[in-house]
Amino acid sequence: MAISLYLSNKNVSAVVGAGSSAGVSVSSCFADVLMGESLVNGVITNAPALKEEIALFLDAHGCHGKDVSLVVNSTLIQLKPIEFPNMKEKQLQLLMANEFSDAENRTAPLYDYMMLKSKNGSMNRAIACACEKSFVETYVKLFSEIKTKVVSFNTGVTALVKLIEFMPEFNDKTAVIVVMDGENVQNVLLENGRYKISTRTRLFSSDGTDEIVGEMQRNVSSMVQFLASEKSEYTITDVYFCGANPDDLNRFYSFGVDMNLNIQEFPNDRRIKFSGRDEDARLSNFIYPVGDLLKK
């Protein structure tokens, strides 16, 4: 069994299970709120406090000292969809470095990529990633100090896109996937089933308020306007929410009617299996760690 752990400013969640290219079998999943202000935009601001909270979290669920795959979102990790012809790995690494305009300003840049689906005979597609090597190293060091080894480092966006490409629900869809995560909102835009762009915004409203409905409507509207500005031949038809309070999700349907959009919770997939009967153990609540366990 593998462990995938997702960390954000306010929340920590983990999934224990086995993943393959055919699906994911989840034996257990758990989540908690981070009490301290130890993470801001993925940057560790209080290492001692964060170490203590993570150690307690892993201890409580029998995972302390075991290897983990770590998932983090941050604007300090740049993501960019790229297209390229067949080329050798060394050439691809050079291509990615040239794709990021501020590459020369990085002290010790770290580049990676995740291949995306492409049609037969078309150019190769990938999501290119760039960050400072020290950004990853701070996490590796912190976890090593609580006797836990980080065996892989992934972004929430790439984990989510991997899951989207796996699910036939999203074939040919032009849609927005909205992940509500404490005070942060992550948007992923699909254009005809293909990853287009992702954005990260701050959420100022609280659950259960009228303000959160208006804020989510403005958030979705900005994605609709962006796609229109690209002069796309496609229009957004669906919006899928992850991590939304069930009552708030019901209230979001109202602006879906106004904007002619289908508003819904991110769907389950029969090949993603959760054991147990915990009502919170569903895909929309553990989107990042489940996507991380899935193999391409």
Side-chain angles (χ1 to χ4, degrees), residues 6 8-11 13 31 33 40-42 73-75 77 79 81 127 155-161 163-164 167 169-269 279-280 282-288 290-291:
Y6 170 66
S8 69
N9 291 8
K10 297 292 185 182
N11 301 305
S13 59
V33 176
V40 177
N41 190 28
N73 276 327
S74 172
T75 57
I77 306 173
L79 302 173
I127 299 179
T155 75
V157 171
T158 49
L160 174 55
V161 172
L163 185 59
I164 289 167
M167 296 174 64
E169 168 84 18
F170 297 100
N171 291 347
D172 304 322
K173 281 276 186 177
T174 299
V176 182
I177 292 85
V178 181
V179 184
M180 300 179 67
D181 180 22
E183 61 189 17
N184 294 311
V185 176
Q186 187 75 53
N187 303 294
V188 170
L189 174 61
L190 302 181
E191 183 183 35
N192 193 32
R194 293 157 59 105
Y195 171 76
K196 177 75 173 179
I197 195 174
S198 58
T199 63
R200 180 177 165 93
T201 60
R202 179 77 181 271
L203 180 63
F204 295 97
S205 307
S206 301
D207 290 353
T209 63
D210 292 337
E211 288 76 16
I212 199 170
V213 179
E215 193 167 354
M216 281 299 100
Q217 181 170 2
R218 291 189 294 274
N219 175 68
V220 171
S221 180
S222 69
M223 302 302 288
V224 172
Q225 291 170 21
F226 168 79
L227 191 61
S229 71
E230 293 284 293
K231 302 191 185 308
S232 172
E233 63 180 293
Y234 304 99
T235 57
I236 294 170
T237 58
D238 296 83
V239 181
Y240 299 87
F241 279 90
C242 306
N245 177 304
D247 291 335
D248 285 337
L249 182 60
N250 286 332
R251 298 163 74 211
F252 294 161
Y253 295 144
S254 61
F255 73 74
V257 172
D258 295 338
M259 299 176 68
N260 197 28
L261 296 170
N262 298 315
I263 305 290
Q264 56 205 288
E265 184 178 20
F266 193 92
N268 291 317
D269 187 282
E279 63 179 17
D280 290 327
R282 57 186 188 272
L283 188 52
S284 63
N285 285 343
F286 292 91
I287 200 81
Y288 293 140
V290 170

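Small disclaimer: the values here were computed from a predicted structure and weren't measured.
Taking every heavy atom of both residues into account, S74 and G42 meet most closely at CB-CA, 4.1 Å. When all heavy atoms of L79 and S198 are compared, the pair lying nearest together is CD1-OG, 4.1 Å. For the residue pair S206 and T209, the shortest heavy atom distance occurs at O-OG1, 2.7 Å. When all heavy atoms of D269 and M167 are compared, the closest pair comes out as OD2-CG, 3.8 Å. Residues N9 and N184 come closest through the heavy atom pair ND2-ND2, 3.5 Å. Listed here is the closest heavy atom pair of I263 and Y253: O-CE2, 3.0 Å.
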Could you tabulate the donor-acceptor pairs under 3.5 Å formed by side-chain atoms of residues 238-248, not counting sequence neighbours?
from: D238; atom 1: OD1; to: K173; atom 2: NZ; distance (Å): 3.2
from: D238; atom 1: OD2; to: N262; atom 2: ND2; distance (Å): 3.2
from: D238; atom 1: OD2; to: Q264; atom 2: NE2; distance (Å): 3.1
from: Y240; atom 1: OH; to: E169; atom 2: OE2; distance (Å): 3.1
from: Y240; atom 1: OH; to: K173; atom 2: NZ; distance (Å): 3.4
from: N245; atom 1: OD1; to: D247; atom 2: N; distance (Å): 2.7
from: N245; atom 1: OD1; to: D248; atom 2: N; distance (Å): 3.4
from: D248; atom 1: OD1; to: G208; atom 2: N; distance (Å): 3.0
from: D248; atom 1: OD1; to: R251; atom 2: NH1; distance (Å): 3.2
from: D248; atom 1: OD2; to: G208; atom 2: N; distance (Å): 3.1

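Residues meeting the ring-ring contact (aromatic ring centres under 6.0 Å, His included) test with F266, sequence neighbours left out: F170. Under the rule for a side chain to side chain contact (heavy atoms under 4.5 Å, CB included), the partners of I197 that lie at least two apart in sequence or sit in another chain are L189, M223, F226. Under the ring-ring contact (aromatic ring centres under 6.0 Å, His included) criterion, Y195 pairs with no residue, sequence neighbours left out. Applying the salt bridge (charged side-chain N to carboxylate O under 4.0 Å, His left out) rule to E265 yields the partners R282; only residues at least two apart in sequence or on another chain are considered. Under the side chain to side chain contact (heavy atoms under 4.5 Å, CB included) criterion, Q217 pairs with F255, M259, sequence neighbours left out.
Residue I236 holds its CD1 atom at 12.0 Å from CG of N260, rounded to the nearest 0.5 Å. We find the NZ-OG1 distance between K196 and T174 to be 10.5 Å, quoted to the nearest 0.5 Å. In this structure, CG in N187 is found 5.5 Å from OG1 in T201, a value given to the nearest 0.5 Å. One finds the CZ atom of R194 at 12.5 Å from the CG atom of N171 (value rounded to the nearest 0.5 Å). Note that the CD1 atom of I164 and the CD1 atom of I177 stand 3.5 Å from one another [nearest 0.5 Å].
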Start with the C-alpha distance between E191 and E230, add both sets of side-chain angles, then the distance that settles side chain to side chain contact (heavy atoms under 4.5 Å, CB included), and finish with yes or no.
CA-CA 11 Å; E191 183 183 35; E230 293 284 293; 5.9 Å; no
Given side chain to side chain contact (heavy atoms under 4.5 Å, CB included), test M216 with V185 step by step and report yes or no.
CA-CA 9 Å; M216 281 299 100; V185 176; 3.7 Å; yes
Evaluate side chain to side chain contact (heavy atoms under 4.5 Å, CB included) for T235 paired with L227, printing each intermediate quantity in order.
CA-CA 7 Å; T235 57; L227 191 61; 5.8 Å; no
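At least one side-chain heavy atom of N73 sits less than 4.5 Å from a side-chain heavy atom of V157. The shortest distance between side-chain heavy atoms of N11 and V33 falls below 4.5 Å. Between D207 and I212 there is a side-chain heavy-atom pair separated by less than 4.5 Å. Contact annotation: the side chain of R200 approaches that of N41 to within less than 4.5 Å [non-hydrogen atoms, C-beta and beyond]. Two residues are said to be in side-chain contact when any heavy atoms from C-beta on lie closer than 4.5 Å; L163 and L283 meet this criterion. Two residues are said to be in side-chain contact when any heavy atoms from C-beta on lie closer than 4.5 Å; Y288 and V179 meet this criterion. Side chains of Q186 and D181 form no contact here, defined as non-hydrogen atoms less than 4.5 Å apart.
Formation of a donor-acceptor pair under 3.5 Å by the E215 side chain with backbone atoms of F204 is found in this model.
There is no side-chain donor-acceptor pair under 3.5 Å between Q225 and S229.
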